[in-house]
Amino acid sequence: LKSYSTNPKSTCNIGTIGHVDHGKTTLTAAITKVLEKDGLSRFVAYDEIDRAPEEKARGITINIAHVGYETSKRKYAHVDCPGHADFVKNMIIGASQIDCAILVVAATDGSMPQTREHLLLIKQVGVQHVVVFINKCDITENDVIELVELEIRELLTDFGFKGHEVPCIFGSALLALKGDTSELGEQSIRKLMDVIDNNIPTPKRDFTSPFLLPIDNCLLVPGRGAVIIGTLKRGTVCKNDKVELLGFDEKKVTSIGDIQVFNKSVTSAKAGENVGILLRGLKPKFVRKGMILCPINTLTLNNHYKATIYFLSRSEGGRSKPITSNYQQQLFSHTWNIVCRIDLDSAVSMVMPGEHAEVIITLLNKMIMDIGQPFTVRENGRTVATGIISEILS
Ligand code: GDP
Ligand code: MG
């Protein structure tokens with residue numbers, strides 16, 4: 001394989017989503033087939049992708065194919081899930097996080113139930129970029145294709161994406177995979193990759209938002225006070241900043257005495273860095289791991305959240321009985337755990353192990369949780385459910 005640039009290329013995580021049989025796997029194979037011609041990628045056949053080995057993530061059995069390829073601009077790590085259930089689990093447990101989704105829609109069918117469910121899930125986990133590939137244009141009339149495009153743009157808008165701006169490519173993954181070089185074949189795949197190369201930014205660390213530091217550990221330094229340890233999730237923290245310590249119903253205002261990175265004092269630290277921070281005038285008994293440190297008045301303690309949750313099946317170690325409203329258990333997230341109550345939507349009477357649902361979570365104590373934050377629910381030390389926060393309720 002030749003390389004066009006001596007700079008290390010950035011990697012973009014990409015995933016195919018859409019209704020069963022709309023052509024996700026065919027498209028994945030077709031992309032590698034077309035890019036192989038440029039000498040930067042290896043062709044991965046349909047069968048190799050579709051027969052992805054079983055993986056276990058957090059006790060949950062899941063099938064995901066990881067396919068790598070490269071354009072002249074970037075490297076791509078592409079995930080394709082063989083089944084609908086695999087996709088749902090992958091989104092909820094975050095086994096692979098995607099920066100950009102390729103929504104595959106067969107022009108023969110238009111929007112279908114799984115098209116909508118996949119859009120809902122990627123929105124809930126915070127995927128910001130979508131491109132649309134209208135597939136099977138080789139066997140669909142042009143006026144039908146136009147209607148499908150309109151329908152999908154409207155659907156994207158309904159789910160909170162910019163439906164009128166999202167790039168939409170028309171083609172046939174099957175033709176491209178068969179080596180057809182026409183507009184609907186190879187050329188449509190090239191258009192798709194150009195659009196992704198040029199419109200989807202490589203995710204960068206967020207250094208400018210108010211900083212957020214989840215506390216992983218807390219040490220008592222005799223004569224100096226409390227030192228907290230954690231990895232900055234976003235923003236930049238500076239010495240002498242006025243800050244708040246939040247969690248477990250508590251809110252304490254303090255300021256930053258000293259910041260250490262790799263055992264060296266520094267005047268500031270930024271997202272991604274593991275820091276030790278000395279808090280001024282704070283008794284160590286007020287500090288607990290699981291609390292959040294942030295600038296004053298940027299975040300509010302809360303104990304009420306909406307979440308999407310997957311209940312492990314019995315064979316995955318989950319419950320044998322269904323879950324009903326007012327289900328009370330211990331919720332684990334990051335370094336903390338708290339008793340929580342889980343309530344189902346009023347229209348749903350129960351959820352079976354092996355199924356997923358949207359639920360309302362009420363924590364016994366107020367904490368800081370972010371949209372997209374993962375958690376698990378355990379019964380007697382056994383994980384029975386895993387979920388993500390999708391909305392902060394007031
Ligand atoms: P997935 O379930 O979304 O991964 O769909 P597949 O990639 O397995 O495709 C489902 C079926 O549609 C297969 O039989 C493919 O050969 C067929 N197919 C995929 N893309 C096209 C296309 O562009 N045109 C036509 N005519 N058939 C296609
Ligand atoms: Mg498939």
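In each ligand, atom 1 is the first atom listed, and ligand 1 is the first ligand listed. For clarity, every value in this text was computed on a predicted model and none was experimentally measured. Below, each value reflects all heavy atoms present in this structure, side chains not excepted, and no hydrogens, waters or symmetry copies.
Looking at D138 against ligand 1, only its side chain comes within 4.0 Å, counting heavy atoms. Residue K136 touches ligand 1 through backbone and side chain together, judged by heavy-atom distances below 4.0 Å. Residue D21 touches ligand 1 through backbone and side chain together, judged by heavy-atom distances below 4.0 Å.
Checked against a 6.0 Å centroid threshold, the rings of H19 and H118 do not count as neighbours.
Counting heavy atoms of neighbouring residues, nucleotides and ligands inside a 6.0 Å radius, atom CZ of R116 exceeds 12 of them. The environment of K270 atom NZ is sparse: at most 12 non-hydrogen atoms of other residues, nucleotides or ligands sit within 6.0 angstrom.
A distance of 8.0 Å separates CG in N302 from CD1 in I368, rounded to the nearest 0.5 Å. With rounding to the nearest 0.5 Å, the separation of CD in Q124 from NZ in K306 is 8.5 Å.
Protein nitrogen, oxygen and sulfur atoms, that is N, O or S, within less than 2.8 Å of the Mg ion (ligand 2) amount to 1.
Between D370 and R234 there is a salt bridge, since a side-chain N of the basic residue sits under 4.0 Å from a carboxylate O of the acidic one.
For atom 6 (P) of ligand 1, the closest heavy atom belonging to the protein is T26 OG1, 3.5 Å. With hydrogens left out, the protein atom closest to atom 27 (N) of ligand 1 is L174 CD2, 3.5 Å, a heavy atom.
Remark: distances from the non-hydrogen atoms of V104 to ligand 1 are all 4.0 Å or more. At a 4.0 Å cut-off, not a single heavy atom of G18 sits close enough to ligand 1 to count as contact.
Any N or O atom pair closer than 3.5 Å counts here, and G171 shares no such pair with ligand 1. At a 3.5 angstrom cut-off on N or O pairs, L175 does not count as close to ligand 1.
Scored by the salt bridge (Lys or Arg N to Asp or Glu O under 4.0 Å) test, E186 finds K37, R190 as partners (sequence neighbours excluded).
Inside a 4.0 Å radius of atom 13 (C) of ligand 1 there is not any protein heavy atom. Distances from atom 9 (O) of ligand 1 to the protein include at least one heavy-atom value under 4.0 Å.
Closest of all the heavy-atom pairs between C81 and I64 is SG-CG2, 4.1 Å.
Every atom of ligand 1 is numbered from 1 in the order shown, and the set under 4.0 Å from a heavy atom of S172 is 22 (C), 23 (O), 24 (N).
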